[in-house]
Amino acid sequence: MWVSSTKWKVISPIAAILLWQLLASAGLLGKTPSPWQAVEGIWFLIDTGLPPGYRLWGHAGASLARVLAGFAAACLVAVPIGVLMGWSKHLDAVLDPLVEAVRPVPPLAWLPFAVLWFGIGLVSSSFIIFLGVFFPVLLNTVSGVKSVDPRLPEAARTLGASEATILGRVLVPGASPSIITGIRIGMGIGWMTLVAAEMTGVKSGYGLGYMILTARDYARYDLVASGIIVIGLLGFAMDTCIRLVEKRLLRWR
Amino acid sequence: MMRLANRGLCTGIIVLLLLATVALVVMPGCGEPEKAAVPVRFGILRNDLHQLAYYVAREKGYFTEEGLDVREGGAFNAGPEEMSAFAAGELDMGLVGTSPVVTFASQKMADVKIVAQANTEGSAVLIRAGLEGEDMASFRGRTIAVPGFSTVQDFLLRLALKKAELSDTDVNIIVLKPPETLAAFSSSQIDGAVCWEPYPSMAVNDNKARVMLTSHQIWPDHPCCMLIVASEFLSKNPEVVRKVVAAHVKATDFINKNKLEATDMARMFTGQDKNVCASAMKNVKFDPDPDPVEIQKYVDYLKTAGVVKVTDTGDFVDDLVDSEYLPRK
């Protein structure tokens, strides 16, 4: 390889942005804003805000809170259920058809119920994100537990370990790489459902998805691009955080 | 033997396909009595009584009488969504609020012309049932929903707030699509809302809200929904546009001259009951003549709000409004 993979991490985004700017400067993108306009837009969002007075930090903070709330709730529910489903064949048989029936439903389809049940605040948008995050985390946890070498819990059992110890000391650690992969996928999907979630309406007037829709209402497509970039950067930052945690947790590997 | 038979079959199919292709290519050329009508992809707002003329023209056959092929190109939840479809080149003509038209045209996102008006007035500021307050000042610190930023309703709200000497920051303005607005009233999520008819009449009928101000009280005869056309479509098919405008004007006349039957058709169009439609119809003025002077007020406002960049708002409106296609009186 003529460049290391770390260098690629820097080169590929820069190349993509350059290509985008080049196409825009050549007038090949029509009404699509150029990256420079998008960057100017980010400054406008920091300085003036959209709608004026509603600045970028407020939007980013509100969205982060929603994503984190939905994400945390999904992980807290999905991981224990997934571990139990992986551990008990009976429970798996009972829950699996339910999971497989609900899983293909797009989170957005729940939107009318989300508004009906939870109104238009933090809870309803977090609920939509919860639905997006829940299933990848659950399925990865189940398959992670199932993929643990069956000889390991057997060995622990012969050594006199209780079922609880086997679950906590053998199965969960063994499944953790798969669980973390599920969490990473879930986090990505969480951000993906954000715009849909914020379409339920946001009472505070803040949210990145909501801000993008506002920019569309004002026909400010440069600000739409800025919003997309900010979401991309936040998603990237959070993925990096999870990877750092992963490295620490899985040092034993 | 089987293989030979198969080959025969294959050859037969290929010959048939070739013949069909030739027929398709040649057919339209020979003996075409009249040119097929140019399809018009027409956009409307979902459940918006202001746009009743479209439904009347369709149901009464006014489009067909003019030899037009008008197809529903989409029903949208708010003006900016419909204007995005114009920006994408997905619509040829449509009915949509003045404010989104001005916003998208001035940002050069959609190249369109206003060729007729659908209505003036026909919106209202609602306050949640059970809340005290007789004037806009009672909204201080409360949450009010509009169908979208830079919609006619958003504009009306800001005008009403200004008249009551409230600033935009004295209230919390949020975006909710009108169908969700009624649900949000029921669950007390919002305190007020600005909606197009029939939503105000629906909310009042269901005891969810009461009318604080009609848009007539905020700005008499304010322009509302416009009949617009994509500039490219207009330059290619000026006669089609003239015919659509004619059908639109005829339908508008019908509504004004036959209030009872029009109310009945409003019932079919919006799916609401008679009481709601009768009350809603009273608040909408169906008038096909756009008034550039009034339209300019939207542009002036959007310019001062810093949303649009227009150097001369008068010139901009002159260029945007093209009354050429309205039938001569």
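Small disclaimer: the values here were computed from a predicted structure and weren't measured. Per chain, numbering begins at 1; letters A, B, ... match sequence-line order.
- Contact of A:S204 with chain B is made through the backbone alone, with heavy-atom distances under 4.5 Å.
- Residues of residues 216-243 of chain A that come closer than 4.5 Å to chain B, counting heavy atoms only, are A:R216, A:D217, A:Y218, A:A219, A:R220, A:Y221, ordered by residue number.
- Heavy atoms closer than 4.5 Å to chain B are found in the side chain of A:Y54, but not in its backbone.
- Residues A:Q21 and A:S25 have side chains that bring a donor and an acceptor to within less than 3.5 angstrom of each other.
- Interface residue B:T143: only side-chain heavy atoms are found under 4.5 Å from chain A.
- The stretch residues 200-210 of chain B places none of its residues near chain A, where near means some heavy atom under 4.5 Å from a heavy atom of that chain.
- For the side chain to side chain contact (heavy atoms under 4.5 Å, CB included) criterion with A:T141, the lone passing option out of A:V83, A:I183, A:L84, A:I81 is A:V83.
- Between B:R41 and B:D92 there is a salt bridge, since a side-chain N of the basic residue sits under 4.0 Å from a carboxylate O of the acidic one.
- No salt bridge links B:K177 with B:E180; every basic N to acidic carboxylate O contact stays at or beyond 4.0 Å.
- Screening A:F134, A:F71, A:F113, A:F118 against A:F127 for a ring-ring contact (aromatic ring centres under 6.0 Å, His included) leaves a single residue, A:F118.
- A side chain to side chain donor-acceptor pair (under 3.5 Å) with B:Y199 is found for one member of B:T270, B:T181, B:D48, B:N47 and no other, namely B:N47.
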Next on the checklist: Let's go through B:T313 and B:D300 carefully: what are the C-alpha distance in whole Å and the side-chain angles of both, what is the deciding distance for side chain to side chain donor-acceptor pair (under 3.5 Å) to 0.1 Å, and is it a yes or a no?
Outcome noted: CA-CA 6 Å; B:T313 54; B:D300 287 334; 2.7 Å; yes
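- Aromatic ring pairs are classed by plane angle as parallel below 30°, tilted from 30° to 60° and perpendicular above 60°; the pair B:W219 and B:Y298 is tilted.
- Electrostatic pairing of A:D47 and A:R55 does not count as a salt bridge here, judged by no charged N lying under 4.0 Å from a carboxylate O.
- Results of the side chain to side chain donor-acceptor pair (under 3.5 Å) test with A:E198 over A:S124, A:S125, A:S63 single out A:S63 as the only residue that passes.
- Contacts classified as side chain to side chain donor-acceptor pair (under 3.5 Å) and involving residues 128-138 of chain A (residues at least two apart or in different chains) are not found.
- When only modelled atom types and interatomic distance are considered, B:S123 and B:E197 share no side-chain donor-acceptor pair under 3.5 Å.
- Listed in order of number, the residues of residues 222-236 of chain B that approach chain A to under 4.5 Å between heavy atoms amount to none.
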Next on the checklist: Checking B:T103 against B:S150 for the side chain to side chain donor-acceptor pair (under 3.5 Å) test, could you report, in this order, the C-alpha distance in whole Å, the side-chain angles of both residues, the deciding distance, and whether it holds?
Outcome noted: CA-CA 7 Å; B:T103 306; B:S150 184; 2.5 Å; yes
Next on the checklist: Evaluate A:W110 against A:F130 for ring-ring contact (aromatic ring centres under 6.0 Å, His included), listing each step before the verdict.
Outcome noted: CA-CA 11 Å; A:W110 292 92; A:F130 172 91; over 10 Å; no
